[in-house]
Amino acid sequence: SVSSQSTFKVLGRIEDFAPGSVTAFRIDRLYLICADDGGLIAVSLQCTHLGCAVSWNKDKEEFECPCHASSFNKMGEVISPPAPRALDVYPLKVEGGMVEVDLNNKSKRKGFKTSQLIYA
């Protein structure tokens, strides 16, 4: 059962997010990543070290923290410390062709698992 605290917000149409793409939603403080196989995951843009906002480096295919040089791979896993764990994730769902994110239920994780991806 979904808690009454759940507040899903539409990010866009499923076809707006191409496989292999990373889309920033700065106002919602997250990135929507579309894996090569079309699976979607929403990661927080807050570094797990001290909460600075990470940036996506398209050339290197990694997220970089400007504060203490932590970096994360495309699925948000730590490549270089001091960040202690992977970027937090937000619940996603696809309904009526729209990708929706639950901004109130961010969760911590140790690393990436394919079970974290959702499919339309």
Side-chain angles (χ1 to χ4, degrees):
S1 68
V2 180
S3 89
S4 57
Q5 295 304 304
S6 164
T7 48
F8 278 89
K9 176 182 175 174
V10 173
L11 294 178
R13 296 177 322 206
I14 185 77
E15 58 267 23
D16 294 340
F17 309 107
S21 66
V22 174
T23 308
F25 291 89
R26 308 266 335 156
I27 193 125
D28 297 317
R29 304 186 59 73
L30 64 88
Y31 288 95
L32 183 68
I33 299 153
C34 186
D36 295 337
D37 69 354
L40 296 166
I41 187 170
V43 302
S44 169
L45 61 65
Q46 280 186 283
C47 180
T48 52
H49 178 225
L50 292 174
C52 295
V54 299
S55 299
W56 173 243
N57 182 325
K58 199 170 164 57
D59 296 331
K60 290 167 85 171
E61 290 260 307
E62 60 189 48
F63 294 99
E64 298 172 336
C65 180
C67 300
H68 303 98
S70 292
S71 62
F72 304 84
N73 70 13
K74 191 172 192 170
M75 293 300 157
E77 293 181 297
V78 177
I79 298 171
S80 58
R85 60 178 177 19
L87 296 172
D88 294 345
V89 289
Y90 290 96
L92 282 176
K93 66 179 180 181
V94 180
E95 251 177 39
M98 305 301 276
V99 179
E100 301 180 33
V101 64
D102 183 351
L103 295 171
N104 283 348
N105 286 297
K106 184 166 77 168
S107 60
K108 294 177 166 62
R109 61 186 178 142
K110 287 194 164 55
F112 171 72
K113 295 198 270 302
T114 51
S115 61
Q116 293 165 355
L117 293 170
I118 66 133
Y119 295 87

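What's counted below: heavy atoms across the whole structure, side chains too, no hydrogens, waters or symmetry copies. Predicted model only: the values in this text are computed from it and were never measured.
- The backbone N or O of D88 sits nowhere less than 3.5 Å from a side-chain atom of S44 that would complete a donor-acceptor pair.
- Each of I33, L117, I14 was checked for a side-chain contact (heavy atoms from CB on, under 4.5 Å) with L40, and the lone residue meeting it is I14.
- Taken together, C67 and C52 meet the criterion of an SG-SG distance shorter than 2.5 Å.
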(request) Could you walk me through whether K106 and V89 pass side chain to side chain contact (heavy atoms under 4.5 Å, CB included), step by step? (result) CA-CA 6 Å; K106 184 166 77 168; V89 289; over 6 Å; no

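- Every residue was checked against the side chain to side chain contact (heavy atoms under 4.5 Å, CB included) condition with P81, not counting sequence neighbours, and none meets it.
- Residues V78 and A86 approach most closely at CG2-N, 3.9 Å, considering heavy atoms.
- In the hydrophobic clustering of this structure, Y119 groups with M75; members are Ile, Leu, Val, Met, Phe, Trp, Tyr whose side-chain heavy atoms approach within less than 4.5 Å, directly or through other members.
- Side chains of L45 and R26 form a contact here, defined as non-hydrogen atoms less than 4.5 Å apart.
- Under the 30°/60° scheme for interplanar angles, the aromatic rings of H49 and H68 are found to stand perpendicular.
- For the pair F63/N57, no side-chain contact is recorded, criterion being any heavy-atom separation below 4.5 Å from C-beta on.
- A side-chain contact (heavy atoms from CB on, under 4.5 Å) with F8 is found for one member of V99, D102, L103 and no other, namely D102.
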(request) Determine, stepwise, if the pair T7 / E100 fulfils side chain to side chain contact (heavy atoms under 4.5 Å, CB included). (result) CA-CA 9 Å; T7 48; E100 301 180 33; over 6 Å; no

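- For the salt bridge (charged side-chain N to carboxylate O under 4.0 Å, His left out) condition, the pairs that include at least one residue of residues 69-82, sequence neighbours left out, are E61-K74.
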(request) Please report the C-alpha distance between L11 and L30 in whole Å, then the side-chain angles of each, then the deciding distance to 0.1 Å, and finally whether the side chain to side chain contact (heavy atoms under 4.5 Å, CB included) criterion is met. (result) CA-CA 11 Å; L11 294 178; L30 64 88; 4.2 Å; yes

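- Within the structure, every pair that satisfies the salt bridge (charged side-chain N to carboxylate O under 4.0 Å, His left out) test and touches residues 28-46, not counting sequence neighbours, is listed here: K9-D28.
- Shown here for R85 and K108, the closest heavy-atom pair between the two residues is NH2-CE, 2.9 Å.
- In this structure, CD on E64 lies 11.0 Å from OG on S70, to the nearest 0.5 angstrom.
- Taking hydrophobic clusters as Ile, Leu, Val, Met, Phe, Trp and Tyr residues chained together by side-chain heavy-atom distances below 4.5 Å, W56 shares a cluster with F72.
- Tracing side-chain contacts under 4.5 Å through hydrophobic residues (I, L, V, M, F, W, Y), one never reaches Y90 starting from L87; they form parts of separate clusters.
- Checked against the 6.0 Å centroid threshold, F25 and Y31 do not count as a close aromatic pair.
- Judged by distance alone, with hydrogens and angles left aside, the side-chain atoms of Q116 form a donor-acceptor pair with the main-chain N or O of G111 at under 3.5 Å.
- Residues N73 and E62 have side chains that never bring a donor and an acceptor to within less than 3.5 angstrom of each other.
- L32 pairs with exactly one of I41, V22, V101, L92 by the side-chain contact (heavy atoms from CB on, under 4.5 Å) rule, that one being L92.
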